Q: 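Please read through the structure below; I'll follow up with questions.
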Amino acid sequence: MKLNTMFVFLFVAVLCSGCKNDKTNPDTLNSNITESNLKDISELAYIEIYRTLFSDGNGGFDAHGDLYGQDAVSYVSFSEESSSCGDVIYLSNTSKDSITLALKSSFNFPGNPNKEMLRAYKLGPNEKISVGNSKLCYNGKVYDIKKEITSAGFSND
């Protein structure tokens, strides 16, 4: 009986410790990056770089490799509009079908091991979406961001 009581107590203790308020909550992490106590760019983790590059929330979803082939690449086009830091880059689908594509963002932040980010996007027929800026302005410095479509295929829906 004592053993069962001890297991129940241990289970409740583990369950409660997992529910503590975590200081690395994604909402507070993003606000920490934009405050005056900015980390050095060499200290940013992958998720912090992602949130900085895609502050508008349109960062697609994580992708790896050549997922979609090259069938629809010619139906996707880039366009740019001026902004306060570099140009806002847009992708447009000129096809009458939905396209799923992988977009690689390459960058070189001094001292940071992260060099690229591969994100997937789905574009409806004749849809245009923002995929971030051509430059990153961070902590008083400007860094170039290169965007490249690695694969694009037609969706079945």
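Just so it is clear, the structure is predicted and the values come from calculations on it, not from any experiment.
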Q: Do the non-hydrogen side-chain atoms of L103 and T150 ever get within less than 4.5 Å of each other?
A: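 L103 vs T150: side chains apart.
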Q: Show me the pairs that pass side chain to side chain donor-acceptor pair (under 3.5 Å) and involve residues 101-117, at least two apart or across chains.
A: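 Every pair satisfying side chain to side chain donor-acceptor pair (under 3.5 Å) with a residue in residues 101-117: S105-K147, N108-K115, N112-N114.
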Q: Could you please spell out the steps behind the side chain to side chain contact (heavy atoms under 4.5 Å, CB included) verdict for S83 and N133?
A: CA-CA 8 Å; S83 74; N133 286 27; 3.2 Å; yes
Q: Among residues two or more places apart or on two chains, list those pairs meeting salt bridge (Lys or Arg N to Asp or Glu O under 4.0 Å) that have a residue in residues 72-81.
A: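 Pairs touching residues 72-81 that pass the test: E81-K128.
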Q: Is the closest side-chain heavy-atom distance between I41 and L136 below 4.5 Å?
A: yes
Q: What pairs of residues pass the disulfide (SG to SG under 2.5 Å) test when at least one of them lies in residues 101-132, not counting sequence neighbours?
A: none
Q: With ring centroids as reference points, do Y75 and F154 lie under 6.0 angstrom apart?
A: yes
Q: Could you state the interatomic distance from NZ (K122) to OG (S155), rounded to the nearest 0.5 Å?
A: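 Result: 4.5 Å between the selected atoms.
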Q: If you round to the nearest 0.5 Å, how far is CD1 of I49 from OH of Y138?
A: 9.5 Å
Q: Heavy-atom distance under 4.5 Å between the side chains of Q70 and S151, does that happen here?
A: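 Heavy-atom side-chain distance check passes, below 4.5 Å.
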Q: For D97, which residues count as a side-chain hydrogen bond (donor to acceptor under 3.5 Å, both in side chains) partner, sequence neighbours excluded?
A: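 Once residues adjacent in sequence are excluded, D97 has no partner under the side-chain hydrogen bond (donor to acceptor under 3.5 Å, both in side chains) criterion.
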Q: For S95, enumerate each residue passing the side-chain hydrogen bond (donor to acceptor under 3.5 Å, both in side chains) test, keeping only those at least two apart in sequence or located in another chain.
A: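 S95 satisfies side-chain hydrogen bond (donor to acceptor under 3.5 Å, both in side chains) with no other residue.
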Q: Suppose we screen for side-chain hydrogen bond (donor to acceptor under 3.5 Å, both in side chains). Which residues come up paired with S77, at least two apart in sequence or across chains?
A: none
Q: Take L91 and L123 through the side chain to side chain contact (heavy atoms under 4.5 Å, CB included) test and state the conclusion after the steps.
A: CA-CA 8 Å; L91 285 179; L123 292 170; 4.2 Å; yes
Q: Please name all residues satisfying side chain to side chain contact (heavy atoms under 4.5 Å, CB included) with S42, sequence neighbours left out, ordered by chain then number.
A: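 Side chain to side chain contact (heavy atoms under 4.5 Å, CB included) check on S42 returns D40.
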Q: What's the verdict on ring pair (Phe, Tyr, Trp, His ring centres under 6.0 Å) for Y50 and F54, showing C-alpha distance, side-chain angles and the deciding distance?
A: CA-CA 6 Å; Y50 167 77; F54 301 104; 5.4 Å; yes
Q: Does any donor atom in the side chain of N126 or T94 lie under 3.5 Å from an acceptor atom in the other side chain?
A: no
Q: Once side chain to side chain contact (heavy atoms under 4.5 Å, CB included) is applied, do any residues pair with K135, and if so which ones, sequence neighbours excluded?
A: C85, V142, D144
Q: Any pair with a residue in residues 77-109 that passes ring-ring contact (aromatic ring centres under 6.0 Å, His included), sequence neighbours left out, goes on the list, sorted by first then second residue, please.
A: F107-F109, F109-Y143
Q: Taking side-chain hydrogen bond (donor to acceptor under 3.5 Å, both in side chains) as the definition, give me every residue that meets it alongside D87, ordered by chain and number, with sequence neighbours left out.
A: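 Here no residue qualifies.
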Q: Do S134 and I145 touch side chain to side chain, with heavy atoms closer than 4.5 Å?
A: no
Q: Evaluate the side-chain proximity of V131 to Y121: yes if any heavy-atom separation is below 4.5 Å, no if none is.
A: yes
